[in-house]
Amino acid sequence: MNVGAIMAATVLVAAVGLFIGVFLGIAGKKFAVETDEREIQVREVLPGNNCGGCGYPGCDGLAAAIAKGEAPVNACPVGGEPVGKVIAQIMGQEIVAAVRQTAFVKCTGTCEKTKENFVYTGIENCEMMEFIPGTGAKACSYGCLGFGSCVKVCPFDAVHIINGVAVVDREACKACGKCVAKCPRNLIELVPYSQEVMVGCSSAEKGKAVTEACEAGCIGCKKCEKNCPAGAIVVKDFCAHIDYSKCINCGKCKEVCPRDCILV
């Protein structure tokens, strides 16, 4: 065995390792990306659900946006006001009160109330049903399909199919908006958590067509609109719509609704 060759190889390997280490150290400093300390602090405060409800690619993206001043301190729907207050302190901003929201499904057409045109057996996916002739078994082409695409995307187990219609658990809902984006019929909306009066229908059909399809559909009679003391409810496209910024939750609209499609 040649001891000299072994020593030479050892020295060479050590020299190469030293060179690589020095090179990487210099490169690391030269090309280092400075991270705002506040971004790190904000990220530590965020809940880490990475639900995308804030409109950014996960909590890392939101933390970076807040640190840059591109997103409000209370942008996280999951953390809500408590997290918003902590982030406001980190950013040195005034604490802004956030309005808690929850998702609401604008349909009350349960299995008993909605008529069926046929018995459907096949893929149970709401988005796929748009390609099925008649867009589903239910006679109402505006109502909840009941196959639970919204249930599958909810990261908080806040949406469940009950008697053929998606129902939101207000306490579990974090208003991330994933179910809103997933529903192919745009039946789900975010409403203030304090809102008590809501219209459980989205049909744009005229009265006769609605009554033939569903026992709980809005027929656009305008009784709710005429009796609302706050001018918060209007009938548009044959369906009642509530302006939540004006609604005082008095329930007068429900009292006069002949279809019982307004929930309180």
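Here the structure is a predicted model, which means the values were calculated and not measured.
- Note that NZ of Lys138 is 5.0 Å distant from OG1 of Thr114, once rounded to the nearest 0.5 Å.
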*May I have the step-by-step check of side chain to side chain donor-acceptor pair (under 3.5 Å) for Glu81 and Asn74, ending in yes or no?*
CA-CA 7 Å; Glu81 187 172 357; Asn74 60 351; over 6 Å; no

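- Nearest heavy atoms, Tyr56 versus Ala65: CE2-CB, 3.4 Å.
- Annotation: Tyr120 is in aromatic contact with Phe147 [ring centroid separation under 6.0 Å].
- In this structure, Met198 is a member of the same hydrophobic cluster as Val264, with clusters built from ILVMFWY side-chain heavy atoms closer than 4.5 Å.
- Note that the CG atom of Leu187 and the SG atom of Cys107 stand 6.0 Å from one another [nearest 0.5 Å].
- Note: the hydrophobic cluster containing Ile90 also contains Val83 (ILVMFWY, side chain heavy atoms under 4.5 Å, direct or indirect links).
- For the pair Cys183/Ser149, no side-chain contact is recorded, criterion being any heavy-atom separation below 4.5 Å from C-beta on.
- Between Val197 and Gln195 there is a side-chain heavy-atom pair separated by less than 4.5 Å.
- Judged as a side-chain contact (heavy atoms from CB on, under 4.5 Å), and not counting sequence neighbours, the contacts of Pro155 are Cys51, Cys176, Lys178.
- A donor-acceptor pair shorter than 3.5 Å can be found between the side chains of Tyr244 and Glu189.
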*When you look at Val42 and Glu39, which way does the side-chain contact (heavy atoms from CB on, under 4.5 Å) test go after all the steps?*
CA-CA 5 Å; Val42 170; Glu39 179 182 335; 5.8 Å; no

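- Counting heavy atoms from C-beta outward, Val210 and Phe238 have side chains that stay 4.5 Å or more apart.
- Using a 4.5 Å heavy-atom threshold, the side chains of Val78 and Phe156 count as touching.
- Atom NE2 of His241 and atom CD of Glu225 lie 10.5 Å apart (nearest 0.5 Å).
- Atom NZ of Lys254 has more than 12 heavy atoms from other residues, nucleotides or ligands within 6.0 Å.
- You'll find the side chain of Cys218 reaches within 4.5 Å of the side chain of Cys239, heavy atoms only.
- Remark: side-chain polar atoms of Thr102 are not paired, donor with acceptor, to backbone N or O of Cys173 under 3.5 angstrom.
- Of the inter-residue distances, the one linking Lys115 atom NZ with Thr211 atom OG1 reads 7.0 Å to the nearest 0.5 angstrom.
- The closest side-chain heavy-atom distance from Ile66 to Gln93 is not below 4.5 Å.
- Here the shortest heavy-atom pairing between Ile233 and Ala240 reads CD1-CB, 3.9 Å.
- Cys126 places none of its side-chain heavy atoms less than 4.5 Å from the side chain of Cys150.
- Annotation for Gly217 and Cys201: closest pair CA-SG, 3.8 Å, computed over non-hydrogen atoms.
- Cys247 contributes atom SG, which lies 12.0 Å from atom NZ of Lys252 (distance to the nearest 0.5 angstrom).
- With values rounded to the nearest 0.5 angstrom, Asn227 atom CG is found 11.0 Å from Cys257 atom SG.
- Summarising the geometry of Ile262 relative to Cys224, their closest heavy-atom pair is CD1-CB, 4.0 Å, with the distance given to 0.1 Å.
- Contact record, Ala75 with Pro77: O-CD, 3.1 Å, taken as the closest heavy-atom pair.
- Residues Val105 and Leu190 are members of one and the same hydrophobic cluster, defined by side-chain heavy-atom contacts under 4.5 angstrom among Ile, Leu, Val, Met, Phe, Trp and Tyr.
- The two residues Pro192 and Arg170 have their closest heavy-atom pair at O-NH2, 4.4 Å.
- Using a 4.5 Å cut-off between side-chain heavy atoms of Ile, Leu, Val, Met, Phe, Trp and Tyr, with links allowed through other members, Ile219 and Val235 fall into different hydrophobic clusters.
- Checking side-chain atoms of Arg185 against main-chain N and O of Gly143 turns up a donor-acceptor pair under 3.5 Å.
- The 12-atom threshold is exceeded at CD1 of Ile248, counting heavy atoms of other residues, nucleotides or ligands nearer than 6.0 Å.
- Cluster membership check: Leu263 does not share its hydrophobic cluster with Val234, using side-chain heavy-atom separations under 4.5 Å among Ile, Leu, Val, Met, Phe, Trp and Tyr.
- More than 12 heavy atoms of other residues, nucleotides or ligands lie within 6.0 Å of NZ in Lys152, so this atom counts as buried by the packing criterion.
- The backbone N or O of Thr110 sits nowhere less than 3.5 Å from a side-chain atom of Asn163 that would complete a donor-acceptor pair.
- Between Glu127 and Lys182 there is a salt bridge, with a side-chain nitrogen of the basic residue lying less than 4.0 Å from a carboxylate oxygen of the acidic one.
- Using a 4.5 Å cut-off on side-chain heavy atoms (C-beta onward), Arg43 and Cys59 make contact.
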